[in-house]
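Worksheet for the structure shown next.
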Amino acid sequence: MNWDTVKGNWKQMRGKMKQQWGKLTDDEFDQIEGNREQLVGKIQERYGIARDEADRQVRDWESRNG
């Protein structure tokens with residue numbers, strides 16, 4: 001998936017992301033605003049996982065939703 005598409009459709013995409021990463025709050029999604037690196041960082045922080053694992057999860061999400 002092209003990340004520009006995610007940014008352009010942020011409101012729709014964040015709903016799908018909330019299904020995947022339910023621990024992230026609405027405020028955190030507001031802060032992320034389609035920024036992939038911020039999403040990876042928030043997933044890493046909230047789930048207590050390594051950055052590589054958070055990045056892998058985002059890549060997997062991209063491939064399923066692209």
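Keep in mind it's a predicted model, so treat the numbers as computed, not measured. The basis for the numbers below is simple: all heavy atoms, side chains too, and nothing from hydrogens, waters or symmetry mates.
Residues satisfying the side chain to side chain donor-acceptor pair (under 3.5 Å) test with Gln38, not counting sequence neighbours, are none. For Glu33, the side chain to side chain donor-acceptor pair (under 3.5 Å) criterion is met by no residue, not counting sequence neighbours.
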In sequence, state the C-alpha distance, the side-chain angles, and the governing distance for Arg56 and Asp60, and then conclude on salt bridge (charged side-chain N to carboxylate O under 4.0 Å, His left out). CA-CA 6 Å; Arg56 185 197 61 76; Asp60 289 350; 2.3 Å; yes
Could you go through Arg59 and Arg36, starting from their C-alpha distance and side-chain angles, then the distance that decides it, and tell me whether this counts as side-chain contact (heavy atoms from CB on, under 4.5 Å)? CA-CA 10 Å; Arg59 281 194 317 271; Arg36 188 184 188 284; 3.4 Å; yes
Residue pair Ile49, Gln57: steps toward the side-chain contact (heavy atoms from CB on, under 4.5 Å) verdict: CA-CA 11 Å; Ile49 58 177; Gln57 288 184 17; 3.6 Å; yes
Under the side-chain contact (heavy atoms from CB on, under 4.5 Å) rule, what do Thr25 and Arg46 come out as? Steps first, then yes or no, please. CA-CA 10 Å; Thr25 66; Arg46 182 64 66 186; 4.3 Å; yes
Quick one: do Met17 and Leu39 satisfy side-chain contact (heavy atoms from CB on, under 4.5 Å)? Show the steps, please. CA-CA 10 Å; Met17 289 178 183; Leu39 175 62; 3.9 Å; yes
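Side-chain contact between Ile32 and Arg14 is absent, with no heavy-atom pair separated by less than 4.5 Å. Proximity of Lys18 to Asp26: side-chain heavy atoms (C-beta onward) are separated by under 4.5 Å at one or more points.
Among all heavy-atom pairs drawn from Gln44 and Ala54, the shortest one is N-CB, 3.9 Å.
Separating the NZ atom in Lys42 from the CG atom in Asn35 is a distance of 11.0 Å, to the nearest 0.5 Å.
Within the 3.5 Å criterion, the main-chain N or O of Asp30 finds no donor-acceptor partner in the side chain of Trp10.
With respect to Arg51 and Glu37, a salt bridge is recorded, a charged nitrogen being found less than 4.0 Å from a carboxylate O.
The aromatic rings of Trp21 and Trp61 lie tilted to each other, with the angle between the two planes from 30° to 60°.
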